[in-house]
Amino acid sequence: MSSHQPRPATAHRSRGLSGTATIPGDKSVSHRALIFGTLAVGETRVTGLLEGEDVLGTAQAMRAFGAQVIRTGKGAWTIHGLGVGGLMEPEDVIDCGNAGTGVRLIMGMMATCPISATFTGDASLRRRPMGRILDPLRRFGATSMGRAGGLLPLTLKGAADPVPVEYSLPVPSAQVKSAVLLAGLNAPGETVVIEREPTRDHTERMLRGFGAEVAVEDLPEGRAIRLTGRPELRPQTIAVPRDPSSAAFPVAAALIAEGSEVLVPNICLNPTRAGFYQTLAEMGADIAHEDPREEGGEPVADLRVRHGATLRGVEVPPARAPSMIDEYPVLACLAAYAEGDTVMRGIGELRVKESDRIAAVVAGLRANGVEVTEEPDGMIVHGRGQVPGGGTVATHLDHRIAMSFLCLGLGAAAPVSVDDTAPIATSFPNFMSLMAALGAEIVTA
């Protein structure tokens with residue numbers, strides 16, 4: 001990241017946002033489409049792929065493992081897969097940039113193949129712990145060598161004779177669950193993952209779509225996902241739905257900016273991803289779900305968002321955290337415009353994201369005159385219906401912190417600045433142009 005050039009920006013109070021916000025493809029589904037296409041035998045076709053830096057890094061990684069990954073048009077890609085167990089050893093280091101999902105799923109994919117690969121990432125990703133992935137992968141027979149604490153860069157050596165695993169997740173994590181299931185694909189017998197709280201289930205859905213045998217069972221200790229190893233995955237045609245986590249930003253902007261009405265079409269509303277929108281309904285937000293339907297195996301709808309309703313503070317149940325973990329920063333900014341306290345607990349996972357998102361959000365809100373209480377595993381935003389603004393927010397190379405506080409500034413009395421918008425390209429490359437088209441006044445330095 002020595003060549004990284006920060007791109008500051010300032011959001012000014014804006015009124016009457018309007019139009020259609022065309023959101024990029026879902027990042028979680030995009031990563032998985034490339035990975036499962038690589039593990040299938042034959043040609044998988046994908047449309048609507050998110051072409052942000054994170055996903056493009058995963059595409060390049062799949063090429064490094066021997067798959068033919070070809071872009072045929074905007075959001076349109078084909079993957080000529082190698083089959084389960086058919087990965088080739090990469091000739092160079094796999095650089096996953098800022099993509100925590102990408103690196104963890106790729107490690108799972110290769111952990112039961114008799115090959116080695118070295119992984120690195122940007123400054124932010126090199127600070128994120130990989131131990132939670134490495135522990136279950138070692139149980140399959142993989143070994144690793146790297147920095148203390150399991151930090152990148154590290155080299156992972158896949159198991160030559162993998163064994164199936166039964167693994168109970170110590171914390172709710174779709175990334176860990178998915179890594180274990182991906183490793184289980186090339187292990188004999190049955191691999192089992194037990195999660196105490198449901199997490200996003202894109203991996204299970206896509207496994208079934210590609211022809212794997214996956215069963216889900218409710219046990220006293222939690223939800224058990226059982227995968228039969230060594231299937232022959234069949235290539236698929238995948239239409240990637242729009243990303244609900246990215247949609248959260250124009251949705252929040254419309255609720256913040258006075259006189260706004262914005263249509264956000266084709267949003268994935270998988271129940272394991274829709275906690276943010278459930279919370280907005282409880283806060284009294286004016287959001288209509290139009291034309292509910294299913295696309296690519298995922299429930300979707302068009303969201304029509306109108307400003308005007310008085311938002312009220314709520315207590316978000318900790319059990320909802322896995323379904324909206326990425327949306328807490330923008331929810332906190334929106335909560336500053338609500339009346340009363342919004343309580344967010346059980347979100348300690350945010351401290352090990354691209355940044356310590358709890359600390360970053362608390363600091364950013366306080367810099368802009370918002371009262372907030374920080375807790376070890378959460379925060380309480382004391383909403384007063386208005387935001388003084390006037391502060392500059394340190395984003396810590398975190399795309400969601402940057403976008404959240406630019407949304408905060410659209411209703412603040414004084415402009416709100418962020419120190420760097422460059423990381424936004426990792427997940428939402430057209431964010432700035434989309435917001436400008438809606439009428440948001442965001443000025444780059």
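To the nearest 0.5 Å, atoms CZ (Phe428) and CD1 (Ile23) are separated by 4.0 Å. How far CG of Leu303 is from CG of Asn266: 9.5 Å, rounded to the nearest 0.5 Å. Residue Leu181 holds its CG atom at 8.0 Å from OG1 of Thr191, rounded to the nearest 0.5 Å. Atom CG of residue Leu280 and atom CE of residue Met324 lie 7.5 Å apart, to the nearest 0.5 angstrom. Atom CG of Leu350 is separated from atom CE of Met379 by 6.0 Å, given to the nearest 0.5 angstrom. Note that the CG atom of Leu410 and the SG atom of Cys333 stand 10.5 Å from one another [nearest 0.5 Å].
The ring pair (Phe, Tyr, Trp, His ring centres under 6.0 Å) check on Phe249 picks up nothing, with sequence neighbours excluded. When the side-chain contact (heavy atoms from CB on, under 4.5 Å) test is applied to Leu151, the partners found at least two apart in sequence or on another chain are Arg147. Under the ring pair (Phe, Tyr, Trp, His ring centres under 6.0 Å) criterion, Tyr328 pairs with no residue, sequence neighbours left out. Residues that satisfy the salt bridge (charged side-chain N to carboxylate O under 4.0 Å, His left out) test with Arg273, not counting sequence neighbours, are Asp26, Asp243. With sequence neighbours excluded, the residues forming a side chain to side chain donor-acceptor pair (under 3.5 Å) with Glu290 are Arg304, listed by chain and number.
At least one donor-acceptor pair under 3.5 Å links the side chain of Ser323 to the backbone N or O of Arg320. For Arg200 (side chain) and Ala174 (main-chain N/O), no donor-acceptor pair under 3.5 Å exists by modelled atom type. Although no hydrogens or angles enter the test, the distance criterion places a donor-acceptor pair under 3.5 Å between the side chain of Glu89 and the main chain of Ser116. In this structure, the side chain of Arg345 does not engage the main chain of Gly378 through any donor-acceptor pair within 3.5 Å. The main-chain N or O of Thr426 is never found under 3.5 Å from a side-chain atom of Asn98 such that the two would form a donor-acceptor pair. The main-chain N or O of Pro8 is never found under 3.5 Å from a side-chain atom of Thr421 such that the two would form a donor-acceptor pair. Ser260 places no side-chain N or O within donor-acceptor distance of the main-chain N or O of Arg306, the cut-off being under 3.5 Å. Side-chain N or O atoms of Gln236 include one that pairs as donor or acceptor with a backbone N or O of Gly209 at under 3.5 Å. Checking side-chain atoms of Thr47 against main-chain N and O of Ala76 turns up no donor-acceptor pair under 3.5 Å.
Side-chain contact check for His399 and Ser427: at least one donor-acceptor pair (N or O, by modelled atom type) lies under 3.5 Å. Between the side chains of Thr58 and His31, at least one donor-acceptor pair of N or O atoms lies under 3.5 Å. For Arg32 and Thr203, the side-chain atoms include at least one donor-acceptor pair closer than 3.5 Å. A side-chain donor-acceptor contact under 3.5 Å links Asp419 and Thr395.
Ion pairing between Lys27 and Asp54 holds under the 4.0 Å rule for side-chain N and carboxylate O. Under 4.0 Å is where a charged nitrogen must lie from a carboxylate oxygen, and between Glu349 and Arg132 at least one such pair does. Contact check on Arg357 versus Asp326 returns a salt bridge, with a Lys/Arg side-chain nitrogen under 4.0 Å from an Asp/Glu carboxylate oxygen. Ion pairing of Arg126 with Asp122 is absent here, as no side-chain N (NZ or NE/NH1/NH2) approaches a carboxylate O to less than 4.0 Å. Salt-bridge check for Glu204 with Lys177: passed, with a basic side-chain N closer than 4.0 Å to an acidic carboxylate O. Taking 4.0 Å as the cut-off between side-chain N and carboxylate O, Arg351 and Asp356 count as a salt-bridged pair. By the 4.0 Å N-to-carboxylate-O rule, Arg293 lies close enough to Asp302 to be salt-bridged with it. Glu217 has a carboxylate O that lies under 4.0 Å from a charged side-chain N of Arg226, or vice versa, which qualifies the two as a salt bridge.
The shortest side-chain heavy-atom distance between Val69 and Met62 falls under the 4.5 Å cut-off. Between Ile115 and Lys157 there is no side-chain heavy-atom pair separated by less than 4.5 Å. Asp201 has its side chain out of reach of Thr199: every pair of non-hydrogen atoms, C-beta onward, lies at least 4.5 Å apart. In this structure, Leu87 and Leu39 have side chains that are in contact, with non-hydrogen atoms separated by less than 4.5 Å. Inter-residue side-chain proximity for Ile70 and His80 is flagged as met; some heavy-atom pair is nearer than 4.5 Å. Thr444 places none of its side-chain heavy atoms less than 4.5 Å from the side chain of Arg7. Using a 4.5 Å heavy-atom cutoff, the side chains of Glu327 and Thr279 are not in contact. Between Val316 and Glu282, the closest side-chain pair of non-hydrogen atoms is not below 4.5 Å.
None of Val251, Leu334, Val330, Leu17 except one satisfies the side chain to side chain contact (heavy atoms under 4.5 Å, CB included) rule with Ile256; the exception is Leu334.
When every heavy atom of Leu105 is checked against every heavy atom of Gln175, the shortest pair comes out as CD1-O, 4.0 Å. The nearest pair of heavy atoms linking Ser246 to Pro250 is O-CD, 3.3 Å. When all heavy atoms are compared, the tightest approach of Pro244 to Ile267 is CA-CG2, 3.8 Å. The shortest non-hydrogen separation linking Leu34 to Ala59 is CD1-N, 3.7 Å. When all heavy atoms of Pro24 and Asn430 are compared, the closest pair comes out as CG-OD1, 3.4 Å. Across every non-hydrogen atom of Ile347 and Ala321, the tightest pair is CG2-CB, 4.0 Å.
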Next on the checklist: For a side chain to side chain contact (heavy atoms under 4.5 Å, CB included) check, start with the C-alpha distance between Ile194 and Ile225, then their side-chain angles and the critical distance, and finish with the verdict.
Outcome noted: CA-CA 6 Å; Ile194 300 172; Ile225 302 102; over 6 Å; no
Item to check | Evaluation steps, side chain to side chain contact (heavy atoms under 4.5 Å, CB included), between Met432 and Leu406 | outcome: CA-CA 10 Å; Met432 300 294 276; Leu406 290 175; 4.1 Å; yes
Next on the checklist: For Arg104 and Val176: C-alpha separation, side-chain torsions, deciding distance, then whether side chain to side chain contact (heavy atoms under 4.5 Å, CB included) applies.
Outcome noted: CA-CA 7 Å; Arg104 289 171 174 142; Val176 177; 5.8 Å; no
Checklist entry - Hey, mind stepping through His202 and Cys268 against side chain to side chain contact (heavy atoms under 4.5 Å, CB included) and telling me if it holds? => result CA-CA 11 Å; His202 302 302; Cys268 177; 4.3 Å; yes
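Surrounding CG of Asp161 are at most 12 heavy atoms belonging to other residues, nucleotides or ligands under 6.0 Å away. For Glu232, the CD atom sits in a loose shell: 12 or fewer heavy atoms of surrounding residues, nucleotides or ligands are nearer than 6.0 Å. In this structure, Arg139 places its CZ atom where more than 12 heavy-atom neighbours from other residues, nucleotides or ligands lie under 6.0 Å away.
Screening residues 35-51 for salt bridge (charged side-chain N to carboxylate O under 4.0 Å, His left out) gives Glu43-Arg45, Glu51-Arg71 as the qualifying pairs, with residues at least two apart or on separate chains.
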